[in-house]
Amino acid sequence: MTSDRRFRVRMAPSPTGPLHIGTARTSLYNYLAARHVGGTYVLRIEDTDVARSTVEYERDIIDNLHWLGISWDEGPQVAGGEDVGTYGPYRQSQRMDRYAREADRLLASGAAYRCYCTAEELDAVRRAQDAAKEPPRYNGRCRSLGEEERAAFEAEGRRAAVRFAVPPEKIRFTDLIRGEVEFDNALLGDFVIVRADGMPLYHFVVVVDDEAMEISHVIRGEDHLSNTPKHIALIRALGYREPVFGHVPLILNADRSKMSKRKSQTSVTAYREQGYLPEAMVNFLAFLGWSPGTEEEVFTLDELAARFEVGKVHKAGAVFDAERLDHLNGLYIRALADEQLAHRLRPFVPDALDDASLLRVVPLIRERLVRLSDAGELVAFLVETDAEVAANYEAAALIPKKADAAGAAAALSRARSVLADLDHADFSAEVLEERCRGAAEALGWKAGDFFRPIRLAVTGRAISPPLFGSMELLGRDATLARLDAAAEKLAVTA
RNA sequence: GCCCCCAUCGUCUAGAGGCCUAGGACGCCACCCUUUCAAGGUGGAGAUCAGGGGUUCGAAUCCCCUUGGGGGCACCA
């Protein structure tokens, strides 16, 4: 069970879709396990399904893995790029000769055989089994075909697939996470390892590549647990060394089924585009199925690597709790220095907002952000025209509950005149607040009631960053202009 | 249908026979702070540890059964 080999693990994504949250977490666990013991981490692209694999998906996977901060020692580092490492090529589509060779070995030793059944025939068998409430598995028709029968099929123009003759024995192994597990391979049908068109299939290629790349520990999703006895049978038939297996629990939808695109947002890119921080994502994902055993819960990637142990990974699946992710994301956002946050916010705010202004609003909006994308709405008032701001609200909204239009107009005009007395140099948050509070008091208004219409006039929104800081950033001219626009709107309705 | 895996607050989890009248976090509720919204602070509700049998002086922790959930059984990965 324990391997005395060098610790080598791999992630083996299939570029048939964007990087999935579940793949990201499994990749993270492999990465952490490797870092923890100073092992080697390999990226292998499983693109045997040529029809569904694309370089765009490969790019999505590699870029997002990098984005998360996960790095690897061997394998392609950029989509479509060169391999790094001496066990390559690291794309399965480039390893066909090896698969063909190994399939021939199996054929030669009798561990595998050619199968001429057509899709229709297989389908018919499956339906019959289903009707008879029997387990769906290959009936072994081609297992012991004679020379002349094979020749007859060939003459018909049939192309043969290669099936592995599963030895009917019990397979037991010690899973890193689940402990002793036993399966009875007598219950399995012979499965196809090479399609009739010559393309080798998953169960076969993983086994061949894990051996070729000297993978010592196979850490993968629990959905592969029941495939493991197939892999072990293949490993034995090929005379390979058996790696240590570890099956991590699945990430679940809210209804506890395997996390899927249909019920959850599963692509890492989507989270990235919404403004989740990679640090938060990593922290969150790591704790979905693992914990250091203490009550600490905020960890950097390096800290996780120092603490992570595969053996402590849970057995039960974990529901993806988006609210918890939000909480962590807010935590990480608030911990960022002004410059850092401004930099990360750049893609999420209007281009019209220059860098200097962006840096200045950061302190005003930081603690109001759950995701980076929340910034757009918060800073909009800085780049909108006075007319756009005015168009954002109804005149009636300027009138406090305890006042009428005339009262509201008076208050607004009072605010305007107080602020107009200030020159550019005095237009700072502190002075503005002092003056506005004074005005409210002179008017006999509660500060909150007095500020509300001003906030609406200046930002066009009932909810905004702190009012006086916002006015300072906006500047004297625009602030006064917006107060005028509000007064005008009020006059028109009155 | 068959095989395998799993089971502590709504959710993520601590817990590896006595430290548990089960702890933390998210979410929720209340209060405080407060120019809005947040953030922050304080407090609260919330789990007879799925149920039932054992084992033991003692079980959330070990064993068995039941129930529930999940995964797999492709010429997809």
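Letters go in sequence order (proteins before strands), and every chain restarts at 1.
Within 4.0 Å (heavy atoms only), A:Ala316 reaches sugar-phosphate atoms of the nucleic acid but no base atom. Residue contacts for A:Gly189: at a heavy-atom cut-off of 4.0 Å it reaches no nucleic acid atom on any strand shown. Looking at heavy-atom distances under 4.0 Å, A:Lys446 makes no contact with the nucleic acid at all. As judged by a 4.0 angstrom heavy-atom cut-off over every strand, A:Pro249 is placed among residues making no nucleic acid contact. Across all strands shown, A:Glu296 has no heavy atoms under 4.0 Å from either base or sugar-phosphate atoms. Across all strands shown, A:Ala161 has heavy atoms under 4.0 Å from base atoms, whether or not it also approaches the sugar-phosphate. When heavy atoms are screened at a 4.0 angstrom cut-off, A:Asp49 is found touching the sugar-phosphate backbone but no base atom. As judged by a 4.0 angstrom heavy-atom cut-off over every strand, A:Cys436 is placed among residues making no nucleic acid contact. A:Pro13 comes within contact range of no nucleotide atom at all, as no heavy-atom separation falls under 4.0 Å. Among the atoms of the strands shown, base atoms are found under 4.0 Å from some heavy atom of A:His203. Residue A:Leu250 is in sugar-phosphate contact alone, with no base atom involved, counting any heavy-atom pair closer than 4.0 Å across all strands shown. Heavy atoms of A:Leu467 sit under 4.0 angstrom from at least one base atom. Among the atoms of the strands shown, base atoms are found under 4.0 Å from some heavy atom of A:Phe468. At a threshold of 4.0 angstrom between heavy atoms, the contacts of A:Glu323 are confined to the sugar-phosphate backbone, with no base atom among them.
In this structure, A:Trp290 has its ring center no closer than 6.0 Å to that of A:Tyr29. Ring centroids of A:His203 and A:His231 are separated by less than 6.0 Å, placing the two rings close together. Side-chain rings of A:Phe191 and A:Phe204 stay apart, their centers remaining 6.0 Å or farther from each other.
Across all strands shown, B:rC26 forms a Watson-Crick or G-U wobble pair, both distances under 3.5 Å, with B:rG10. Base pairing analysis places B:rC73 opposite B:rG1; the two distances defining the Watson-Crick or G-U wobble pair are each below 3.5 Å.
For A:Leu331 and B:rA38, the CG to C1' distance is 14 Å, given to the nearest whole Å. A:Asp209 has its CG atom 13 Å from the P atom of B:rA77, to the nearest Å. For the pair A:Arg220 CZ and B:rA77 C1', the computed distance is 11 Å after rounding to whole Å. A:Glu367 has its CD atom 15 Å from the P atom of B:rU34, to the nearest Å. In this structure, the CG atom of A:Asp223 is 14 Å from the P atom of B:rA77, given to the nearest Å. In this entry the distance linking CZ of A:Arg366 with C1' of B:rC37 reads 17 Å, nearest Å. Residue A:Ile333 contributes atom CD1, which lies 12 Å from atom P of B:rG40 at whole-angstrom precision. Put simply, OH on A:Tyr332 is 18 Å from C1' on B:rA39, counting in whole angstrom units.
Checked against B:rU35, B:rC2, B:rU36, the side chain of A:Phe451 finds its nearest nucleotide in B:rU35. The listed nucleotides are B:rC12, B:rC5, B:rA77; the one nearest the side chain of A:Glu222 is B:rC5. Nearest to the side-chain atoms of A:Ile463 among the listed nucleotides B:rG23, B:rC37, B:rC75 stands B:rC37. Side-chain proximity of A:Pro466 to the nucleotides B:rU35, B:rC37, B:rU11 is greatest for B:rU35. Of all nucleotides listed (B:rC76, B:rU35, B:rA38), B:rU35 comes nearest to the side chain of A:Arg437. Of all nucleotides listed (B:rA14, B:rA38, B:rG27), B:rG27 comes nearest to the side chain of A:His327. Picking from B:rC37, B:rG70, B:rC75 the nucleotide with the shortest atom distance to the side chain of A:Lys258 gives B:rG70.
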Item checked: salt bridge (charged side-chain N to carboxylate O under 4.0 Å, His left out) evaluation trace for A:Glu297 with A:Arg324 -> CA-CA 12 Å; A:Glu297 52 181 7; A:Arg324 194 181 182 80; 3.4 Å; yes
Next item on the list: Give the intermediate values and the outcome of salt bridge (charged side-chain N to carboxylate O under 4.0 Å, His left out) for residues A:Glu279 and A:Arg344.
Entry: CA-CA 12 Å; A:Glu279 301 94 313; A:Arg344 302 224 203 184; 2.5 Å; yes
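When the side-chain nitrogen and oxygen atoms of A:Ser464 are compared with OP1 and OP2 of B:rC37, none of them lie within a distance under 4.0 Å. Contact annotation: A:His224 side-chain N/O to B:rG72 OP1/OP2 distance is not under 4.0 Å. Here A:His231 does not reach the OP1 or OP2 of B:rA77: none of its side-chain N or O atoms lies under 4.0 Å away. For B:rG27, the OP1/OP2 oxygens have no side-chain nitrogen or oxygen of A:Arg324 closer than 4.0 Å. A close approach under 4.0 Å does not occur between any side-chain nitrogen or oxygen of A:Lys315 and OP1 or OP2 of B:rG70. For B:rC12, one of the phosphate oxygens OP1 or OP2 lies less than 4.0 angstrom from a side-chain nitrogen or oxygen of A:Arg256. For B:rC6, neither phosphate oxygen OP1 nor OP2 lies less than 4.0 angstrom from any side-chain nitrogen or oxygen of A:Arg178. Phosphate proximity of B:rG40 to A:Arg334: present, with a side-chain N or O under 4.0 Å from OP1 or OP2. Phosphate proximity of B:rC5 to A:Ser226: absent, as no side-chain N or O sits under 4.0 Å from OP1 or OP2.
Between A:Asp47 and A:Arg52, none of the side-chain N atoms (NZ, or NE/NH1/NH2) sits under 4.0 Å from a carboxylate O, so this pair counts as no salt bridge. Look at A:Arg126 and A:Asp130 and you find no salt bridge, because none of the NZ, NE, NH1 or NH2 atoms lies under 4.0 Å from a carboxylate O.
Shown here for A:Pro18 and A:Ile61, the closest heavy-atom pair between the two residues is C-CG1, 4.4 Å.
Within the cation-pi definition used here (under 6.0 Å to the ring centroid, within 45° of the axis), A:Lys230 does not qualify as a partner of A:Tyr202. Under the 6.0 Å distance and 45° angle rule, A:Arg163 counts as a cation-pi partner of A:Tyr138.
Taking atom P on both B:rA16 and B:rC26, the two are 24 Å apart, rounded to the nearest angstrom. Straight-line distance between the C1' atoms of B:rU66 and B:rC28: roughly 34 Å, to the nearest whole Å. B:rU13 and B:rA47 are spaced 13 Å apart, taking the C1' atom of each and rounding to whole Å. Remark: the separation of the P atoms in B:rC19 and B:rA39 is 37 Å, to the nearest Å. Taking atom P in both B:rC3 and B:rA74, the straight-line distance is 16 Å, to the nearest Å. Taking atom C1' in both B:rC20 and B:rU61, one finds a spacing of 11 Å when rounded to whole Å. On the C1' atoms, B:rA14 is 32 Å away from B:rC33, given to the nearest whole Å.
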Margin query: For nucleotides 61-66 of chain B, give me one character per nucleotide, 5' to 3': B if any protein heavy atom sits under 4.0 Å from the base, S if the only such contacts are to the sugar-phosphate, - if neither.
Written below: ------
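Remark: side-chain polar atoms of A:Asn329 are paired, donor with acceptor, to backbone N or O of A:Leu277 under 3.5 angstrom.
Counted by atom type alone, A:Tyr90 and A:Asp209 present zero donor-acceptor pairs between their side chains at under 3.5 Å.
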